[in-house]
Amino acid sequence: MSTTPQSLTAETLIARSNRLGADPRTTNYAGGNTSAKGRANDPVTGTETDLLWVKGSGGDLGTLTESGLAVLRLDRVRSLVDVYPGVDREDEMVAAFDHCLFGKGGAAPSIDTAMHALVDAAHVDHLHPDAGIALATAADGERLTEEIFGGSVVWVPWRRPGFQLGLEIAALHRAHPQAIGCILGGHGITAWGSTSEECEANSMWIIETAERHIAEHGRPDPFGPVLAGHEALPEADRRDRAAALAPTLRGLASTDRPMVGHFTDAEVVLDFLARAEHPRLAGLGTSCPDHFLRTKVKPLLLDLPATATLDEQLARLRELHQRYRADYAAYYQAHATAGSPAMRGADPLVVLVPGVGMFSYGQNKQTARVAGEFYVNAINVMRGAEALSTYTPISDAEKFRIEYWALEEAKLQRLPRPKSHATRIAVVTGAASGIGKATAQRLAADGACVVVADLDLAKAQQVAEEVGAAAQSGKGARASDVAIGVQCDVTDAAQVQAAVDAAVLAFGGLDLVVNNAGLSLSKPLLETTEADWDLQHDVMAKGSFLVAKAAARVLVEQGMGGDIVYIASKNSLFAGPNNIAYSATKADQAHQVRLLAVELGQHGVRVNGVNPDGVVRGSGIFASGWGANRAKTYGIAEDDLGAFYAQRTLLKREVLPEHVANAVAVLTGPDLSHTTGLHVPVDAGVAAAFLR
């Protein structure tokens with residue numbers, strides 16, 4: 001037993017875990033677990049105590065920190081063998097682990113804790129490498145394991161993770177002292193060693209040996225020949241087709257509950273879908289528990305070639321979706337017992353479209369992305385298994401026992417309550433500064449995915465990075481899981497469409513648009529040129545129209561309702577001096593709200609407006625000369641403009657960008673679900689701008 005100090009034991013384990021978790025071929029996100037045994041002083045008795053440090057429930061090896069470890073007294077965990085009630089009641093042992101914890105804090109022990117504790121080795125790794133699962137899911141995996149490893153690695157038949165599996169692996173370790181690890185049928189690998197370095201080396205040797213054997217002895221075309229018409233479309237064509245399919249697909253995938261989407265046209269996906277064996281293999285579903293918990297038991301596969309028309313594909317996808325839901329309900333009914341949790345939803349989490357790519361779905365962008373990554377792992381598994389043998393995943397009955405496991409249900413029940421804008425996808429124009437930036441920040445903080453659209457691409461991307469970094473939650477999340485930045489000149493219909501397409505490709509669809517892009521030229525009538533008039537109307541009146549039109553197509557196709565918000569102005573009602581072009585175009589925007597509320601209401605789309613007073617601080621418009629012109633008009637210093645505006649209001653308060661953002665959040669949140677055609681003043685009280 002190691003006598004390494006407690007802090008160094010954890011530090012060494014974390015470093016090993018992070019290295020193993022950094023490569024998706026070695027283990028998938030939040031999959032697998034690692035452990036180390038050592039000794040530490042018990043502050044109660046003052047004696048050295050044998051401990052187990054093991055990755056806790058729900059953690060991720062690649063981003064593991066000390067808080068993600070569960071620390072348990074090894075003697076107490078091993079004593080559970082004496083009170084183990086048998087495989088039919090093995091789930092009770094998870095609660096018993098809580099009585100074995102050492103000290104406070106740390107993560108909750110996972111279902112795999114027994115495997116790590118009962119194996120008499122100082123260090124243990126349990127991983128889900130593609131090559132290892134390929135052997136684990138091969139029809140003759142046991143024979144292949146003996147052939148490839150010659151007794152250094154032994155076969156363990158499929159058993160659901162738990163205390164019994166831990167007992168069996170511990171017994172195998174005792175019976176095969178020469179073995180460095182095992183292949184877990186249908187599941188993954190486990191390796192061990194007397195030191196952390198030896199354990200990691202053994203894990204990697206198993207993985208690399210399996211990879212080499214598949215490469216050297218496997219069939220070169222395990223997925224069969226190319227199917228005519230299923231080849232990948234040219235990149236531009238397939239991304240155009242993906243953007244056209246995405247709204248309908250998201251609506252279908254969100255039949256039971258709203259979902260966020262992810263799209264990939266990675267070569268591994270396109271090649272799989274181009275090959276003759278892909279319908280058979282896709283129909284078999286995934287095998288590793290971590291895979292199908294994220295991807296469902298099988299994907300929805302479009303059974304048309306890439307050469308089919310868009311209308312043909314959309315019609316067929318709707319038919320296949322109904323069939324998928326019926327098949328999933330039948331799967332649930334065939335395997336559910338009186339004590340099973342209720343069916344969680346019958347929609348697919350992965351949709352495969354030959355020639356185009358893969359759409360995956362989840363409760364947020366990170367979950368959707370990871371589901372897609374897991375299916376790529378599954379494709380790699382199928383390739384390896386088919387290269388050497390026949391891919392044979394665990395049965396649907398066993399998949400159901402995992403998917404509707406009471407322990408998995410308990411995990412789901414512990415998830416935090418979703419934020420007000422969770423699963424919502426927003427495009428905010430003019431979002432690199434001022435009101436737009438504040439709105440993007442607020443929506444992301446409330447759980448939305450946000451596309452920061454602005455004329456200045458560099459600034460849009462910078463703001464998106466800031467917004468995403470501030471709002472991302474959970475280990476393994478990326479800023480791009482929350483926000484992306486795109487260039488968009490709202491006067492250009494092609495750029496507007498490109499921004500909307502970017503939203504649906506990045507996040508699966510669109511729910512919310514904020515028409516915020518604007519500019520202003522403060523001039524009296526006789527100094528306002530035709531070019532001034534056209535510029536302001538092009539950006540705000542025409543631009544809002546183009547954005548609303550492009551967004552409405554997606555909202556209608558999705559069939560999930562949605563919101564369009566116009567950042568108008570109190571000047572849409574109030575006749576101030578020297579701004580005829582600006583105020584006239586704001587009045588145009590204000591009436592667009594009313595017109596679109598009437599037209600889009602039948603589709604469940606709400607259209608509302610916000611009428612701010614002058615927002616000086618943080619405003620791109622005021623910083624670009626409008627502030628100086630307005631200050632000159634009122635005969636005050638530009639630095640005093642915010643205070644001047646505040647003093648003319650009923651509340652004597654300055655309006656800031658975040659105040660407007662708050663109004664957008666409320667208008668698009670759940671509390672005003674029955675409100676449309678409304679203009680909300682955010683002007684601290686300007687009586688002349690009261691709605692009448």
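Any value given below was found using the heavy atoms of this structure, including those in side chains, with hydrogens, waters and symmetry copies removed.
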Q.
Determine whether Leu167 and Leu118 satisfy the following criterion, side-chain contact (heavy atoms from CB on, under 4.5 Å), listing intermediate values before the conclusion.
A. CA-CA 7 Å; Leu167 286 171; Leu118 301 181; 3.7 Å; yes

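- The shortest side-chain heavy-atom distance between Val351 and Pro299 does not fall under the 4.5 Å cut-off.
- Here the closest non-hydrogen pair linking Ala368 and Val260 is CB-O, 3.4 Å.
- Going from atom CD1 of Ile169 over to atom NE2 of His116 covers 8.5 Å, rounded to the nearest 0.5 Å.
- In this structure, Ser340 contributes its side chain and Thr337 its backbone to a donor-acceptor pair below 3.5 Å.
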Is there a salt bridge (charged side-chain N to carboxylate O under 4.0 Å, His left out) between Arg275 and Asp271? Walk through the geometry before answering.
CA-CA 7 Å; Arg275 301 285 175 166; Asp271 179 69; 3.1 Å; yes

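- Counting heavy atoms from C-beta on, the side chains of Trp155 and Cys182 never come closer than 4.5 Å.
- Separation of atoms CG (Asp91) and CG (Leu407) is listed at 4.0 Å; rounding is to 0.5 Å.
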Next on the checklist: Could you walk me through whether Leu284 and Lys298 satisfy the side-chain contact (heavy atoms from CB on, under 4.5 Å) test, starting with their C-alpha distance in whole Å, then the side-chain angles of each, then the deciding distance to 0.1 Å, before giving a yes or no?
Outcome noted: CA-CA 7 Å; Leu284 291 172; Lys298 63 185 66 175; over 6 Å; no

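- For the pair Val452 and Ala440, the tightest heavy-atom approach, listed with the atom from each and the gap, is CG2-CB, 4.2 Å.
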- Item | side-chain contact (heavy atoms from CB on, under 4.5 Å) between Leu320 and Gln322, worked out | CA-CA 5 Å; Leu320 291 171; Gln322 290 302 313; over 6 Å; no

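- Judged purely by atom type and a 3.5 angstrom limit, Lys55 uses its side chain to pair as donor or acceptor with the backbone of Gly32.
- Taking CD1 of Ile564 as the reference point, atom OG1 of Thr668 lies at 12.5 Å (rounded to 0.5 Å).
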Margin query: Please evaluate residues Asp130 and Arg25 with respect to the criterion salt bridge (charged side-chain N to carboxylate O under 4.0 Å, His left out), reporting the C-alpha separation (whole Å), side-chain torsions for both, the decisive distance (0.1 Å), and the verdict.
Written below: CA-CA 6 Å; Asp130 294 347; Arg25 295 178 310 148; over 6 Å; no

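- Considering Leu512, Val514, Leu672 as possible partners of Leu667, the one that fulfils the side chain to side chain contact (heavy atoms under 4.5 Å, CB included) test is Leu672.
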Take Phe374 and Leu293 through the side-chain contact (heavy atoms from CB on, under 4.5 Å) test and state the conclusion after the steps. CA-CA 10 Å; Phe374 275 40; Leu293 283 172; over 6 Å; no

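- Side chain of Glu398 to backbone of Arg160: no donor-acceptor contact under 3.5 angstrom is found.
- Closest approach of Ser287 to Ile394, counting heavy atoms only: OG-N, 3.3 Å.
- The two residues Ala550 and Val500 make their nearest non-hydrogen contact at CB-CG2, 3.9 Å.
- Distance alone, capped at 3.5 Å, places no donor-acceptor pair between the Glu386 side chain and the Phe223 backbone.
- In this structure, Leu184 and Ile189 have side chains that are not in contact, with every pair of non-hydrogen atoms separated by 4.5 Å or more.
- Taking the six-membered ring where the residue is Trp, Phe263 and Phe359 present tilted rings, their angle falling between 30° and 60°.
- Between the side chains of Arg241 and Gln313, at least one donor N or O lies within less than 3.5 Å of an accepting N or O.
- Side-chain atoms of Arg325 and Pro348, non-hydrogen and from C-beta on, never get closer than 4.5 Å to each other.
- Panel note: side chain Arg442, backbone Val664; no donor-acceptor pair is recorded below 3.5 Å.
- Distance check, rounded to the nearest 0.5 Å: CG of Leu281 to CZ of Phe272 gives 5.0 Å.
- At least one side-chain heavy atom of Gln164 sits under 4.5 Å from a side-chain heavy atom of Tyr84.
- Distance alone, capped at 3.5 Å, is enough to place a donor-acceptor pair between the Thr676 side chain and the Val607 backbone.
- Each of Leu302, Val353, Leu227, Leu301 was checked for a side chain to side chain contact (heavy atoms under 4.5 Å, CB included) with Leu273, and the lone residue meeting it is Leu301.
- Classified by interplanar angle (parallel below 30°, tilted 30° to 60°, perpendicular above 60°), the ring pair His187/His128 is tilted.
- A centroid separation of less than 6.0 Å is found between the aromatic rings of Tyr332 and Tyr404.
- Within the 4.5 Å cutoff, no side-chain heavy atoms of Thr34 are placed close to those of His126.
- Side-chain contact, Asn28 with Asn377: no donor N or O sits under 3.5 Å from an acceptor N or O.
- The existence of a salt bridge linking Arg294 and Asp290 is excluded, since no basic side-chain nitrogen approaches an acidic carboxylate oxygen closer than 4.0 Å.
- Taking the side chain as every heavy atom from C-beta outward, Val350 and Lys296 never approach each other to under 4.5 Å.
- At a threshold of 4.5 Å between non-hydrogen side-chain atoms, the residues Leu317 and Leu249 count as touching.
- Of the possible donor and acceptor atoms, none in the side chain of Glu557 sits under 3.5 Å from a partner among the backbone N and O of Thr248.
- Ring geometry for Phe400 versus His335: interplanar angle of 30 to 60°, hence tilted.
- Smallest separation of non-hydrogen atoms from Arg159 and Leu165: CD-N, 3.8 Å.
- Considering every non-hydrogen atom in both Phe507 and Asp481, the closest pair reads CE2-O, 3.8 Å.
- With sequence neighbours excluded, no residue forms a ring-ring contact (aromatic ring centres under 6.0 Å, His included) with Phe97.
- Using modelled atom types, one side-chain atom of Asn18 and one backbone atom of Leu61 make a donor-acceptor pair closer than 3.5 Å.
- In this structure, the side chain of Tyr361 does not engage the main chain of Asn364 through any donor-acceptor pair within 3.5 Å.
- Annotation: the span from Met343 atom CE to Glu403 atom CD amounts to 10.5 Å, rounded to 0.5 Å.
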Candidate pair Ser67 and Thr65, rule side-chain hydrogen bond (donor to acceptor under 3.5 Å, both in side chains), full reasoning | CA-CA 5 Å; Ser67 64; Thr65 62; 3.1 Å; yes

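- Contact check on Glu373 versus Arg369 returns a salt bridge, with a Lys/Arg side-chain nitrogen under 4.0 Å from an Asp/Glu carboxylate oxygen.
- For the pair Arg250 and Asp511, the salt-bridge criterion is met [side-chain N within less than 4.0 Å of a carboxylate O].
- Between Met259 atom CE and Ser360 atom OG the span is 11.0 Å, to the nearest 0.5 Å.
- We find that Arg424 and Asp563 are joined by a salt bridge, their nearest charged nitrogen and carboxylate oxygen being less than 4.0 Å apart.
- Counting only distance, with no hydrogens or angles, the side chain of Thr113 and the backbone of Ser110 share a donor-acceptor pair below 3.5 Å.
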